[in-house]
Protein chains: 2
Amino acid sequence: MNIGDAAQASGLPPKTIRYYEDIGLVQPDRRGNNYRDYSDTHVHNLQFLARARSLGFSIEECRQLLSLYGDRCRASGDVKAIAIRHISEIERKIAELQAMHDTLSSLVEACHGDHRPDCPILKDLAGDRT
Amino acid sequence: MNIGDAAQASGLPPKTIRYYEDIGLVQPDRRGNNYRDYSDTHVHNLQFLARARSLGFSIEECRQLLSLYGDRCRASGDVKAIAIRHISEIERKIAELQAMHDTLSSLVEACHGDHRPDCPILKDLAGDRT
DNA sequence: GATAAGGGTTCCAGCTACTGGAAAGTCAAG
DNA sequence: CTTGACTTTCCAGTAGCTGGAACCCTTATC
């Protein structure tokens with residue numbers, strides 16, 4: 001299967017698939033014309049990666065997950081540990097964004113937002129937290 | 001004021017302050033020995049940037065905000081517009097993270113997480129959404 | 001006066017995870 | 001035989017810094 005078809009099947013752009021090969025995630029065979037040749041297993045792994053990435057796992061986490069996926073003797077506890085760590089990270093990010101959101105919301109609410117120069121948002125940024 | 005003192009006063013590392021100069025955000029004077037020389041206004045602007053960055057504004061948004069901050073004829077509506085756009089972006093990111101969080105949470109909950117290889121998390125990643 | 005510590009300076013490379021573009025090779029259809 | 005779609009490689013750029021090397025400046029101490 002050519003890279004274009006693998007892209008179709010996995011939902012990943014060809015550029016990304018080549019990149020994943022570069023960093024050693026999915027290594028396809030080569031045909032006589034030097035075109036990459038993707039087997040069903042390759043495509044399956046690409047789909048796996050697409051899904052894992054869409055859940056926010058980093059490339060290195062994906063590498064570990066893929067390795068566990070291919071290991072018949074894996075312990076589900078190892079997978080779960082990675083997922084739990086990732087969830088904490090997500091929660092941290094959400095909290096960070098939520099804090100920004102709350103601050104900005106109250107500033108925006110306090111700003112009349114017309115042609116006049118007086119602006120509580122700029123005041124806050126300038127260090128005036130009255 | 002030397003860069004080290006400006007760093008102390010603004011809470012930004014010297015490396016970051018030099019970077020901000022590179023991209024034209026805060027341009028200090030130079031002293032005879034070629035050392036950067038930061039005035040109170042410079043430091044004030046660095047603090048402004050640190051605060052704006054901590055609220056998640058991009059560098060380009062910071063540039064606009066800083067420009068509006070220095071413009072006595074600004075309209076607060078312009079500032080508000082930038083903030084509102086930024087809030088939407090934050091909301092989008094939170095929603096994205098929340099969706100990941102929900103999916104991962106239910107997967108983690110379904111995973112017994114012991115030494116056995118059977119794992120709902122990997123099953124999901126592999127495309128089995130039963 | 002020599003020297004060592006603790007600033008400062010420049011420049012180059014690397015981080016994440018791709019993405020765009022150039023130049024060239026390959027393949028199928030008309 | 002040419003056109004167009006696809007493929008290849010390689011180089012560069014994105015955001016926002018950060019680390020490190022190699023060197024200069026200032027001050028204090030011996």
Side-chain angles (χ1 to χ4, degrees), chain A residues 1-38 42-43 45-46 48-66 85-86 89-90 92-93 96-97 100, chain B residues 1-38 42-43 45-46 48-66 85-86 89-90 92-93 96-97 100:
Chain A
M1 189 184 285
N2 277 353
I3 196 169
D5 303 320
Q8 282 289 326
S10 65
L12 294 169
K15 280 271 185 190
T16 300
I17 297 179
R18 287 195 198 96
Y19 173 67
Y20 287 172
E21 180 183 354
D22 265 9
I23 61 175
L25 279 184
V26 174
Q27 309 264 22
D29 300 330
R30 292 288 179 143
R31 302 238 297 285
N33 55 9
N34 198 31
Y35 281 21
R36 292 169 176 82
D37 189 10
Y38 293 87
H42 290 134
V43 169
N45 283 352
L46 288 172
F48 182 101
L49 287 169
R51 173 77 175 150
R53 292 287 300 134
S54 81
L55 288 175
F57 287 105
S58 72
I59 289 288
E60 285 318 306
E61 285 166 337
C62 287
R63 196 190 298 277
Q64 293 173 42
L65 290 170
L66 202 50
R85 235 181 304 129
H86 182 43
E89 187 60 18
I90 288 176
R92 202 190 53 70
K93 282 186 189 160
E96 194 182 336
L97 289 170
M100 292 177 186
Chain B
M1 188 184 287
N2 278 353
I3 196 169
D5 303 321
Q8 281 288 325
S10 64
L12 294 169
K15 280 272 186 189
T16 300
I17 296 179
R18 287 196 198 94
Y19 173 68
Y20 287 172
E21 180 183 355
D22 266 9
I23 61 175
L25 279 183
V26 174
Q27 309 265 21
D29 299 330
R30 294 287 179 142
R31 305 236 295 286
N33 55 10
N34 198 32
Y35 282 19
R36 290 168 176 84
D37 190 9
Y38 293 88
H42 290 136
V43 169
N45 283 352
L46 288 173
F48 182 101
L49 287 170
R51 172 78 175 150
R53 292 288 299 136
S54 81
L55 288 176
F57 287 107
S58 73
I59 291 287
E60 284 319 304
E61 285 165 337
C62 287
R63 196 189 298 277
Q64 293 174 42
L65 290 169
L66 202 51
R85 235 181 303 128
H86 182 42
E89 187 59 18
I90 288 177
R92 201 190 53 71
K93 283 184 189 161
E96 193 182 337
L97 288 169
M100 292 177 186

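Throughout, protein chains are lettered first and strands after them, A, B, ... in sequence-line order, and every chain is numbered starting at 1.
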A:Gln8, CD atom: more than 12 neighbouring heavy atoms under 6.0 Å: no
Those residues of residues 29-36 of chain A lying under 4.0 Å from DNA chain D by at least one heavy atom: A:Arg30, A:Asn34, A:Tyr35, A:Arg36
B:Arg18 CZ - C:dT10 P separation (whole Å): 7 Å
For atom CG of B:Asp5 and atom C1' of C:dG8, their distance in whole Å: 12 Å
Sugar-phosphate only, base, or nothing, as touched by B:Ile3 at under 4.0 Å among non-hydrogen atoms: sugar-phosphate
Degree of bending in the helix from C:dG1-D:dC30 to C:dG30-D:dC1 once both end axes are built from five pairs, to 10°: 30°
Contacting residues from residues 52-65 of chain B, given that a heavy atom lies under 4.0 angstrom of DNA chain D: B:Arg53, B:Ser58, B:Ile59
Heavy-atom closest contact (B:Cys62 atom, B:Arg53 atom, distance): SG-CD, 3.7 Å
B:Tyr19 side chain near B:Leu25 side chain, heavy-atom distance below 4.5 Å: no
Closest non-hydrogen atom pair, B:His42 against B:Pro28: CE1-CA, 3.7 Å
Distance, rounded to the nearest Å, where B:Gln8 contributes CD and C:dG8 contributes P: 10 Å
Of A:Gly4 and B:Pro13, the one whose closest DNA chain D nucleotide lies more 5': A:Gly4
Phosphate contact (C:dT19 OP1 or OP2) by A:Thr16 side-chain N/O below 4.0 Å: yes
Check: B:Lys93 and A:Lys93 side chains under 4.5 Å, non-hydrogen atoms: no
Polar pair under 3.5 Å, donor/acceptor by atom type, side chain B:Lys15, base D:dG20: yes
SB check B:Glu89 B:Arg92 (cutoff 4.0 Å): yes
Spacing of B:Tyr38 atom OH relative to C:dG7 atom P, expressed in whole Å: 16 Å
Donor-acceptor contact below 3.5 Å, side chain B:Asp37 vs main chain B:Arg30: no
Electrostatic pair B:Glu60:B:Arg63 at N-O distance under 4.0 angstrom: yes
Position toward the 5' end of DNA chain C (nearest nucleotide), A:Tyr20 or B:Asn2: B:Asn2
A:Tyr19 vs C:dT16: side-chain N/O to OP1/OP2 distance below 4.0 Å: no
Check: A:Phe48 and A:Leu66 side chains under 4.5 Å, non-hydrogen atoms: yes
Contact summary for A:His86 and A:Leu55, nearest pair of heavy atoms: NE2-O, 2.8 Å
Heavy-atom side-chain proximity of A:Tyr38 to A:Ile17 below 4.5 angstrom: yes
A:Glu21 CD to C:dC18 C1', straight-line distance once rounded to whole Å: 15 Å
Sidechain-backbone polar pair: B:Asn33 side chain, B:Tyr35 backbone, donor-acceptor under 3.5 Å: yes
Rounded distance in Å - CD1 (B:Ile23) to P (D:dC17): 7 Å
Whole-Å distance separating the NE2 atom of B:His86 from the P atom of D:dA15: 16 Å
